[in-house]
Peer 1: 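There's a structure below that I have some questions on.
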Amino acid sequence: MSEVKLAADVRTSFGKGAARSIRRENKVPGVIYGHGTEPVHVTLPGHELLLALRTPNVLLSLDVDGKTELAIPKAVQRDAIKGFLVHVDLLLVKKGEKVTVEVAVETEGDLAPGSFLVENVLNTLSVETEATHIPTSVTVSIAGLEAGAAILAKDVALPSGTTLATDPEAVVIQILAAQAEEPAAESEAAEGAEA
């Protein structure tokens with residue numbers, strides 16, 4: 001779990017015009033909320049925030065008016081065409097506090113010999129973990145599996161201190177037999193012979 005330090009400036013101007021002028025300065029408007037406190041509207045450095053958000057479930061250490069706050073991204077809005085950050089919602093967390101987050105599922109290993117396909121039914125798992133120790137991903141071994149095999153959420157090994165929040169019986173990965181496609185020339189010849 002990586003922790004990224006960012007300076008956040010409290011903002012007092014709101015609305016589309018204010019947000020546009022913030023973005024012109026290569027900054028991102030955002031709001032920090034949680035723990036029953038009043039939401040704090042902030043301005044964050046655009047490039048540093050963009051780099052930090054490349055890590056899933058990144059822990060942000062924010063310097064807000066000289067006070068350090070820990071937060072995780074809750075909602076990130078991007079421009080649909082250009083992809084730049086438009087707005088970010090951050091959830092306050094404390095050391096030792098449990099949070100529910102989505103964690104990426106990765107596969108490792110080779111399937112049994114033959115024509116098999118891996119279907120990722122779930123690309124992420126919902127887990128409950130300590131806010132300062134959020135795993136970036138969980139790894140599932142598919143070594144030696146054949147068609148018909150399935151890996152359920154309860155079968156995925158989770159890091160210590162992390163519990164499953166997804167339905168334990170949910171299928172995460174299943175192995176399928178590859179479908180052989182009939183060559184086009186043979187099927188056309190068969191249709192011509194029938195006519």
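One is the number of the first residue; the rest follow in order along the sequence.
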Peer 1: Take a 6.0 Å sphere around NZ of Lys5 and say whether it holds more than 12 heavy atoms from other residues, nucleotides or ligands.
Peer 2: no
Peer 1: Can you check whether Ser126 reaches Val101 side chain to side chain, under 4.5 Å on heavy atoms?
Peer 2: no
Peer 1: With clusters defined by side-chain heavy atoms of hydrophobic residues (ILVMFWY) lying less than 4.5 Å apart, directly or transitively, does Ile22 cluster with Leu62?
Peer 2: no
Peer 1: Side chains of Val105 and Leu122: closer than 4.5 Å at any heavy-atom pair?
Peer 2: no
Peer 1: Which residue pairs pass the salt bridge (charged side-chain N to carboxylate O under 4.0 Å, His left out) test with at least one member in residues 138-161, sequence neighbours excluded?
Peer 2: Lys154-Glu169
Peer 1: Consider side chain to side chain contact (heavy atoms under 4.5 Å, CB included). Of Val103, Val172, Leu164, which one does Val138 pass it with?
Peer 2: Val103
Peer 1: If you compare all heavy atoms of Ala52 against all heavy atoms of Leu60, which two are closest, and at what distance to 0.1 Å?
Peer 2: CB-CD2, 4.0 Å
Peer 1: Restricting to salt bridge (charged side-chain N to carboxylate O under 4.0 Å, His left out), what partner residues turn up for Asp167, sequence neighbours left out?
Peer 2: none
Peer 1: Taking atom OG1 of Thr166 and atom CG of Leu125, what is their separation to the nearest 0.5 Å?
Peer 2: 5.0 Å
Peer 1: List the steps and the verdict of side chain to side chain contact (heavy atoms under 4.5 Å, CB included) for Thr139 and Thr107.
Peer 2: CA-CA 6 Å; Thr139 304; Thr107 58; over 6 Å; no
Peer 1: Work out which heavy atom in Ala177 is nearest to a heavy atom in Ala147; give both atom names and the distance.
Peer 2: N-CB, 3.7 Å
Peer 1: Report yes if the side chains of Lys95 and Leu70 come closer than 4.5 Å at any heavy-atom pair, otherwise no.
Peer 2: yes
Peer 1: What residues join Val171 in its hydrophobic cluster, counting side-chain heavy atom gaps under 4.5 Å, either direct or through other members?
Peer 2: Val121, Leu152
Peer 1: Would you list the atom pairs, donor with acceptor, under 3.5 Å between side chains in residues 30-46 and any protein atom, with sequence neighbours excluded?
Peer 2:
| from | atom 1 | to | atom 2 | distance (Å) |
| --- | --- | --- | --- | --- |
| His35 | NE2 | Leu92 | O | 3.2 |
| His35 | NE2 | Glu97 | OE1 | 3.2 |
| Thr37 | OG1 | Gly34 | O | 2.7 |

Peer 1: For residues Val64 and Val10, determine if any side-chain heavy atom of one lies less than 4.5 Å from a side-chain heavy atom of the other.
Peer 2: yes
Peer 1: Sequence neighbours left out, what pairs pass salt bridge (charged side-chain N to carboxylate O under 4.0 Å, His left out) with at least one residue falling in residues 58-80?
Peer 2: Lys67-Glu69
Peer 1: Test side chain to side chain contact (heavy atoms under 4.5 Å, CB included) on Gln174 and Ile151; report intermediate values, then the result.
Peer 2: CA-CA 6 Å; Gln174 63 184 7; Ile151 298 173; over 6 Å; no
Peer 1: For the residue pair Leu53 and Pro73, establish whether any side-chain heavy-atom pair is separated by less than 4.5 Å.
Peer 2: yes
Peer 1: Check the pair Val127, Thr100 against side chain to side chain contact (heavy atoms under 4.5 Å, CB included), reporting the backbone distance first and the verdict last.
Peer 2: CA-CA 6 Å; Val127 297; Thr100 302; over 6 Å; no
Peer 1: Distance from Ile173 atom CD1 to Asn120 atom CG, nearest 0.5 Å?
Peer 2: 5.0 Å
Peer 1: Any chance you could lay out the side chain to side chain contact (heavy atoms under 4.5 Å, CB included) test for Leu6 and Val4, step after step, and finish with the verdict?
Peer 2: CA-CA 6 Å; Leu6 293 176; Val4 177; 4.3 Å; yes
Peer 1: Can you confirm whether Leu90 sits close enough to Ile72 that some side-chain heavy atom of one is under 4.5 Å from a side-chain heavy atom of the other?
Peer 2: no
Peer 1: How far does OG of Ser160 sit from NE2 of His133, to the nearest 0.5 angstrom?
Peer 2: 9.0 Å
Peer 1: Determine the minimum heavy-atom distance between Pro135 and Pro159, stating which atoms define it.
Peer 2: CB-CG, 3.9 Å
Peer 1: May I ask you to list the residues sharing a hydrophobic cluster with Val86, side-chain cutoff 4.5 Å, ordered by chain and number?
Peer 2: Phe84
Peer 1: Can you find a pair of side-chain heavy atoms, one from Leu85 and one from Leu49, that are under 4.5 Å apart?
Peer 2: yes
Peer 1: Quick check: is Val118 connected to Val140 through a chain of hydrophobic side chains (ILVMFWY, heavy atoms under 4.5 Å apart)?
Peer 2: yes
Peer 1: Name the one of Arg23, Arg24, Glu25 that satisfies side chain to side chain contact (heavy atoms under 4.5 Å, CB included) with Lys27?
Peer 2: Glu25
Peer 1: To the nearest 0.5 Å, what is the distance between CG (Asn57) and OG (Ser137)?
Peer 2: 10.5 Å
Peer 1: So, Glu128 side chain and Val99 main chain: donor-acceptor pair closer than 3.5 Å or not?
Peer 2: no
